[in-house]
Structure formats: C-alpha cells, structure tokens
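Take a look at the structure below.
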Amino acid sequence: MGGAPLGKMGMKMEKNEEYLNRGMDLKRIVLYVQRKLWLVVMLSVLGATLGGVVYQVVRSMKMPVAYEAVSKLYVSFGHDESGEVYQYYNGYTWNDLLDTDPILDIVMSVLPGYERDAVREATRAEILSDIRLLTITVTGENEKFVREVKSAVENGLKEYARESQELEQIKVLRSGVPERVFWDDRTTSACVLGAVVLCLLAFGVISFHYVLDEAVYVQQDIEERYGYKALGILTRNQKGLQPYARELKANIHYLMGDVRELVILDMDNHTEHRRMELERLLNGEDTDDVFGGTVHKEEEEEFGWHIRQGQEEQEKEGQWKVTAYGENILSGEECRSIRQKGGVVLLLPFGVDVGRRTSRVLSFLGNQDCKVLGMVISQADEEFLNRYFA
C-alpha cells in the first residue's frame with residue numbers, strides 16, 4: 001500500500017520534467033502570438049506616440065538657444081592694370097578676409113564691449129554659386145548680439161570695398177533679421193524608434209509569458225503537463241457536428257461504458273453552464289446519426305449550445321446525468337460523492353493558466369482517493385483549433 005503512491009508520484013514527477021523539457025511547437029507559438037497581436041499593435045501605437053511627444057518636449061526645452069541672421073551682398077570687382085576684372089575671390093578668401101585686421105578693425109570699431117574672438121567665431125562668409133554673390137551668416141546665443149554683429153559686418157565690408165583696389169563696391173541685397181535656430185525636425189524618426197522599441201518589448205513580454213504559461217490549448221498539453229487522458233474539447237460555439245464534439249462524445253461513451261452518470265469538476269467555476277453543455281452533447285442526437293453526418297439542418301441548429309434560461313429538462317430513461325462541481329466549493333462531501341460515483345473528469349479552461357490551482361486540486365483529490373478519469377478542455381477557440389489542426 002505504501003509503495004503505490006510513491007510510484008505514482010514518481011511517474012508524475014517524470015511527466016512534469018518531460019513537460020518542462022519539451023520541445024518548441026512552432027505552430028502553437030505562432031498561433032499563441034497571433035492571439036496577442038492586439039497587445040503588439042497597441043504598444044507599437046503607444047510607442048510611436050510617446051516617441052513623438054518626448055522628442056518634441058526635448059526639442060523645445062533642452063535644445064540650446066541660438067539665433068541666426070543671413071545677409072546677401074553683391075560684390076562689384078575692380079580692374080587690374082591690363083583691364084581684366086579681378087575674379088579670384090571665393091568663399092575661403094572671404095572667410096580669411098573677415099578674420100584679418102583691416103576688416104575686423106572696422107567691424108570692432110562699432111561694437112564696443114564685444115570680444116574680437118566672439119565676433120570672429122560668430123561670422124561666416126560663403127560664395128554659394130556666383131562669385132559676385134556673397135552670403136554672410138552670423139550666429140550667436142543672443143538676438144541683440146547677432147543683430148549688431150550682422151550690421152557691423154555689412155558696414156565693414158562696404159567700407160573695405162571703397163578702400164580696396166580689387167573691389168569697386170559691395171552692395172547689400174538683403175539683410176536678414178535674427179531668427180531662432182531649431183534642430184532638424186525628426187519627429188517621424190522618433191515615432192518610428194518608439195514604435196520599434198515598444199514592439200520589441202511587447203514581443204519580449206509575450207515570449208516571457210509563453211515560457212511561464214501553463215495554460216492548455218490542445219490535448220497534447222494535458223497529456224504532457226498532467227499525464228492524464230485528454231478526453232476531448234468543448235468549443236465555445238459547439239454545434240455537435242465538428243470533430244471535436246464527436247471525439248469528446250465517443251471518448252466519454254467509451255470511458256463510462258454502460259454508466260450514464262458523469263461527474264465533472266470545472267476549474268473555471270462555471271459549473272451550471274458546463275453541466276448543461278455536456279448533458280446536451282451526451283443526450284443530443286443519436287450517436288450513429290451524429291457520427292454519420294445525417295443530421296438535418298433543422299436538427300443541427302437545435303443541437304447548438306445556446307442555453308435557454310428557464311428551460312425545463314425532462315427526465316428520460318437512459319439519458320445522461322451530469323453532476324458538476326466547482327473548484328472553489330470542493331470539500332469532503334463532494335469528494336465522498338466522487339468516490340461513490342467512480343471518479344471525476346476535470347474541465348480545464350482554454351488558454352487560462354490554472355496550472356497551479358489544478359496541481360493543488362489534483363493533490364487534494366489524490367489524498368481523498370478520488371479517481372481522475374481524464375480531462376477536457378472547455379471554452380476552446382474554434383479558430384485557433386482549426387488553424388492548429390489544419
């Protein structure tokens with residue numbers, strides 16, 4: 001007597017070890033992830049929104065303040081001794097000229113209080129296309145500084161042209177006002193980055209949850225996790241003609257033999273609904289008619305799982321009677337009834353992790369010498385099953 005429980009426990013431990021070391025069912029993983037796609041989409045949208053909002057906040061609050069003023073000047077060149085026009089000025093030449101004392105002295109004469117190095121670093125000269133068009137750009141952290149330096153540089157270049165042999169005059173075509181300089185707008189990139197980060201995070205969460213998930217989806221999960229017979233599947237919209245209903249009905253008939261009384265323990269605690277579902281299945285059409293596929297359309301519709309409230313079931317000789325218990329009300333009295341009726345069938349909800357509760361209940365039933373005849377998956381998703389078994 002003492003050796004039997006230990007042997008059975010050893011077999012269960014071996015089964016659990018095999019379950020933990022089981023290989024990856026790629027099709028099951030893909031279908032599992034499909035059921036969670038709403039989470040991926042929702043987090044991706046949230047990530048894109050957060051990325052754009054955070055970028056705009058940082059762009060407006062953390063970006064250093066800078067101002068820029070751009071002036072366009074037209075340069076008229078003088079003639080050399082041979083009568084040719086001087087044309088050797090370019091952008092590098094003008095940058096060097098702005099840093100030399102002749103021009104910088106003129107500029108600094110109207111900028112009292114400013115340092116020469118600050119003015120030199122703030123000013124940039126460029127020849128973009130035509131050597132006669134000179135672009136002067138002044139940047140700085142202070143709007144007043146940029147405005148005054150820009151005006152001083154324009155006047156300094158005009159005065160330098162009057163005193164230079166190579167230049168006839170420099171005329172200001174457009175004198176820009178200081179404008180705030182912003183970073184390039186990369187809101188789209190920030191949104192994409194946020195969406196990618198949270199999308200990857202969502203897949204990480206789903207993967208982690210999948211590893212820890214002990215929910216049952218197909219019969220193989222029951223056999224590998226608990227080591228009991230997987231009697232079949234109750235789908236959410238059972239019509240009685242799917243293979244799942246036929247297989248479940250055949251397995252229960254074979255398991256119970258001539259007995260027409262079944263005790264179930266619903267781990268989802270919807271005992272009355274599960275009882276009525278099984279009774280309608282077992283007491284529905286004649287077995288041969290259902291298995292042979294000769295049920296008419298009208299009869300098929302009547303065989304659905306739509307339970308009418310207040311409908312009175314009439315007792316008929318030979319009909320199946322299902323006694324249902326909930327996991328949260330299981331006690332010594334229920335166990336005594338289970339022992340008297342020869343055993344119990346556990347109903348495990350599809351896709352709901354009740355593994356720890358089920359292990360606790362199985363331990364309690366074992367201590368009470370209540371025989372577990374097998375397990376059934378209830379409220380299964382037909383679309384998931386059809387894709388998995390396709």
Smallest separation among heavy atoms of Lys144 and Asn142, with atom names
N-OD1, 2.8 Å

Is any side-chain heavy atom of Pro178 less than 4.5 Å from a side-chain heavy atom of Glu68?
no

Using only atom types and a distance under 3.5 Å, with no angle test, would you say the side chain of Asp221 pairs donor to acceptor with the backbone of Val218?
yes

Restricting to salt bridge (charged side-chain N to carboxylate O under 4.0 Å, His left out), what partner residues turn up for Arg116, sequence neighbours left out?
Asp101, Asp105

Looking at Gly51 and Ala190, what are the two nearest heavy atoms and their distance?
O-CB, 3.5 Å

From CG (Asp266) to CG (Leu330), nearest 0.5 Å:
12.0 Å

Could you check, using the six-membered ring where one of them is a Trp, whether Tyr67 and Phe145 have ring centers closer than 6.0 angstrom?
no

Checking Ser76 against Lys171: is there a side-chain donor and acceptor pair closer than 3.5 Å?
no

Honestly curious: do Leu39 and Leu201 fall in one hydrophobic cluster under the side-chain, below-4.5 Å linking rule?
yes

Distance, nearest 0.5 Å, that separates NE2 of His273 from CG of Leu278
13.5 Å

Got a donor-acceptor contact below 3.5 angstrom from the Tyr74 side chain to the Leu173 backbone?
no

Would a 4.5 Å heavy-atom cut-off, applied to side chains only, mark Glu179 and Glu143 as touching?
no

Is the Tyr244 ring parallel, tilted or perpendicular to the Phe389 ring (thresholds 30°, 60°)?
tilted

For Phe203, does the CZ atom sit with more than 12 other heavy atoms under 6.0 Å from it, leaving out its own atoms?
no

Answer yes or no: does atom CZ of Arg132 have more than 12 heavy-atom neighbours from other residues, nucleotides or ligands under 6.0 Å?
no

Testing Arg360, Arg274, Arg356 one by one against Glu327 for a salt bridge (charged side-chain N to carboxylate O under 4.0 Å, His left out), which residue passes?
Arg360

Taking all non-hydrogen atoms of both residues into account, name the closest pair between Lys229 and Ile222 and its distance.
O-CG2, 4.3 Å

Below 4.5 Å, heavy atoms only, C-beta onward: do Asp268 and Leu347 meet side chain to side chain?
no

Interatomic spacing from CZ in Arg124 to OG1 in Thr139 - rounded to 0.5 Å:
6.5 Å

Full working for side chain to side chain contact (heavy atoms under 4.5 Å, CB included) between Gln379 and Glu277:
CA-CA 10 Å; Gln379 287 295 288; Glu277 285 178 355; 3.5 Å; yes

Looking at Arg236 and Glu382, is there a salt bridge between them, counting it only when a charged N and a carboxylate O are closer than 4.0 Å?
no

Can Glu148 and Ser151 be counted as having a side-chain donor-acceptor contact under 3.5 angstrom?
no

For the pair Lys158 and Glu154, find out whether any cationic side-chain nitrogen is under 4.0 Å from an anionic carboxylate oxygen.
no

Is there a side-chain contact between Ile106 and Leu157 in this structure, where contact means two heavy atoms from C-beta onward sitting under 4.5 Å apart?
no

Set out, in order, the CA-CA distance, both residues' side-chain angles and the distance that settles side chain to side chain contact (heavy atoms under 4.5 Å, CB included) for Leu73 and Ile136, then state yes or no.
CA-CA 8 Å; Leu73 295 85; Ile136 302 296; 3.6 Å; yes

Give the C-alpha distance, both sets of side-chain angles, the deciding distance and a yes or no for side chain to side chain contact (heavy atoms under 4.5 Å, CB included) between Leu265 and Leu365.
CA-CA 11 Å; Leu265 176 60; Leu365 292 174; 4.2 Å; yes

Roughly how far, to the nearest 0.5 Å, is CG of Asn251 from CE of Met256?
13.0 Å

Using the salt bridge (charged side-chain N to carboxylate O under 4.0 Å, His left out) criterion, which residues pair with Glu261? Sequence neighbours excluded.
Lys341

Between Glu333 and Arg336, is the salt bridge (charged side-chain N to carboxylate O under 4.0 Å, His left out) condition met? List the steps.
CA-CA 5 Å; Glu333 182 178 352; Arg336 187 162 44 251; 5.4 Å; no

Which heavy atom of Thr271 sits nearest to which heavy atom of Gly326, and what is that distance?
CG2-N, 3.2 Å

Say whether Val149 and Val172 are linked into one hydrophobic cluster, either directly or through other cluster members, by side-chain heavy-atom distances under 4.5 angstrom.
yes

Under a 4.5 Å side-chain heavy-atom rule over Ile, Leu, Val, Met, Phe, Trp and Tyr, are Val40 and Val192 clustered together?
no

Quick one: pull up CZ in Arg357 and CG in Asn328 and give me the separation to the nearest 0.5 Å.
8.5 Å

Measuring only between side-chain heavy atoms, which start at C-beta, is Val263 closer than 4.5 Å to Val322?
no

Is it true that Tyr228 and Phe364 fall in one hydrophobic cluster, defined by side-chain heavy atoms closer than 4.5 Å?
yes

Any sub-3.5 Å donor-acceptor pair from Arg275's side-chain atoms to Lys321's backbone N or O?
no

With a 4.5 Å heavy-atom cut-off, do Asn155 and Val110 have their side chains touching?
no

Nearest atoms (heavy-atom pairs only) where Gly355 meets Arg225
O-NH2, 4.1 Å

Looking at Ala380 and Leu385, what are the two nearest heavy atoms and their distance?
CB-CD1, 3.7 Å

Using modelled atom types and a 3.5 Å cut-off, is there a donor and acceptor pairing between side-chain atoms of Lys150 and backbone atoms of Gly176?
yes

Going by atom types alone, do Lys72 and Thr135 pair a side-chain donor with an acceptor below 3.5 Å?
yes

I'd like to check Leu373 versus Lys371 (side-chain heavy atoms, cut-off strictly below 4.5 Å). Are they in contact?
yes

Validation row: Asp381, Tyr217 side chains within 4.5 angstrom (heavy atoms):
no

Step by step, would you call Leu362 with Val372 a side chain to side chain contact (heavy atoms under 4.5 Å, CB included)?
CA-CA 8 Å; Leu362 289 174; Val372 177; 3.9 Å; yes

When you compare the side chains of Tyr226 and Ser359, does any donor N or O come within less than 3.5 Å of an acceptor on the partner?
no

Look at the side chain of Gln56 and the backbone N and O of Val53, then say whether any donor-acceptor pair between them is shorter than 3.5 Å.
no

Are a donor atom and an acceptor atom from the side chains of Arg260 and Gln319 found within less than 3.5 Å of each other?
no

Single-linkage hydrophobic cluster, 4.5 Å side-chain cutoff, Val376 and Tyr254 together:
no

Begin with the C-alpha distance, continue with both residues' side-chain angles, and end with the deciding distance and a verdict on side-chain hydrogen bond (donor to acceptor under 3.5 Å, both in side chains) for Tyr325 and Ser337.
CA-CA 10 Å; Tyr325 298 126; Ser337 174; 2.8 Å; yes

Interatomic distance, Ile233 atom CD1 to Thr235 atom OG1 [nearest 0.5 angstrom]:
8.5 Å

